[in-house]
Amino acid sequence: MSGTKTTLSPIREQAIAWAATTRDPDFADWDGFTAWLEADPAHARAYDAVQFALEDADAVLAALPQLVPEPEAEPEPAAANDNPPSGWLASRRAWLGGAVAAALVLALTSVLWLAPSGGAIHETAPGETLTIALGDGSRVELAGGSRLAVEGERAARLEAGQALFTIRHDAARPFVLDAGATRLVDAGTVFDVRLAGETLDVAVSEGAVVVAPDAQAIRLDAGMRAVREGGRYRVAPVDPAGVGEWRRGRISFENAGLAEIAAELSRATGLVFTAEPGDTRLSGSIAVDAVRADPRALEALLGVSVRPQGEGWVIAAR
Amino acid sequence: MASTPSLEQAYLAQRERLLRFLRARGAGEAAEDLAQELWLRLAAAPDPVAAANPGYMLRAADRLMIDRYRAERQAASRDKAWAEAQPGLADNIAPAPGAERELAARQEVAAIERALADLGPRAAAIVRRHRIDGQTQRAIAAEFGVSLSTVEADLRRAYALIADARRALDEV
């Protein structure tokens, strides 16, 4: 990809001007934009390059404080950085310190980060739940069979399972959650996150969350849900009142495979469920207590067959 | 997928316009396929009434092309990194980075941070408000007590700095 070298190329200036306006929710001149694109194929290429750069920058932007301009206080000592940037960012670096900066790097490379994190680790056994109070009044309710690393008051990493986050709004310090390899940035929010292998399910009941600000940058408002499966996101409405219903002993499936259902049931009940292979996909809502008391209750609830095997239960299509 | 008839009608009414936009946007021969993909996205939109708005559809078409460009870039860099790849990760997750890749990402973060620092606090805050919080330029102008053209100018300046930072890295 060999672009023109001159920084002040008119095409590039125009591409930047269009990128600045098409993003605006009020933008309406799509026909004018189309006409500009049609005038020269180089226009679309320049616009693509600008948009690509901007999306990468979003990861850094999302972590910025929503600052209101203010007189500079005396500069704080720079954090342990080889090359701290100059200006206003430098003086606000304390909060953007090691962990967050490192996480930003990871967000940009979209890598799966498996190294243990530095903060406190909270872990639940299947069938168990745990409420974690964060220092600033926010709280996290951790579902069964889940693992969460808390990295300070405004950052956490969901390593497995599911959790409901009730986050106190602080415009200057957005709460940053890494769910596996995907970053979520909240804007004062109640949201539920479920991580199962490569499947990620985020549902927002209050406020808003930005999923993967560096890549897809999907903004979820209250009553919206994003599910990533097979590397693709699907956004759908969700009943805000139903978000986090697992805390009240209920779990729901929507077009879920038997293996996913078995894994979720194991996590919620503490019993061991496995699934026979197959393509069956089911939707339904289940009271966890009923299944814990009698796993065969699933037969009626989901229209599957359930049989004991060893210490656990096998779910099969009927 | 229960799409209301009105969304489908609205889409069909805009289809030629959307195809023309997709072609202009660089879709080429894939325009028809991309229009189909666009329809699937629209049909899955959380608010079908909003999605029936032509502006929403065109924005979604633009988004589709942005995603496509990113996917192509990522596929290209993944192919390059394949020799050191670990197998078996999801297709939107790149293989674990070599030291080189991680260094490149760190340089990128640093370059973007520098670009934002060069902007000054007001412009940086405006960009964040616009891109991350999704505020309209008009609302931002009111919030910051500046004119709409100042917001536009700040955004353009910010975008130019960010694009320059990115290009400087790509050319290294």
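All chains are named by letter (A, B, ...) in the order of the sequence lines, taking the proteins before the strands, and each is independently numbered beginning at 1.
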Counting heavy-atom pairs under 4.5 Å with chain B, which one of A:A49, A:A236, A:A39 comes out on top? A:A49

With chain A, the option among B:V127, B:I66, B:L155 that has the most non-hydrogen atom pairs under 4.5 Å is B:I66

Parallel under 30°, tilted from 30 to 60°, perpendicular over 60°: which one fits the rings of A:H43 and A:W36? parallel

Take B:R131 and A:L54 through the side-chain contact (heavy atoms from CB on, under 4.5 Å) test and state the conclusion after the steps. CA-CA 9 Å; B:R131 293 194 64 82; A:L54 289 172; 3.6 Å; yes

Portion of A:P41 that has a non-hydrogen atom of chain B nearer than 4.5 angstrom: neither

A:R228 and A:T182: side-chain donor and acceptor closer than 3.5 Å? yes

Heavy-atom distance under 4.5 Å to chain A: side chain of B:R17, backbone, both or neither? side chain

Going by distance alone, is a donor N or O of one side chain under 3.5 Å from an acceptor N or O of the other, for B:D62 and A:Y47? yes

Name the member of A:A28, A:P237, A:P25 that forms the most heavy-atom pairs with chain B at distances under 4.5 Å. A:P25

Can you find a heavy atom in the side chain of A:V185 that is under 4.5 Å from one in the side chain of A:F175? no

In terms of heavy-atom pairs under 4.5 Å with chain A, which of B:E143, B:E152, B:M65, B:R59 leads? B:R59

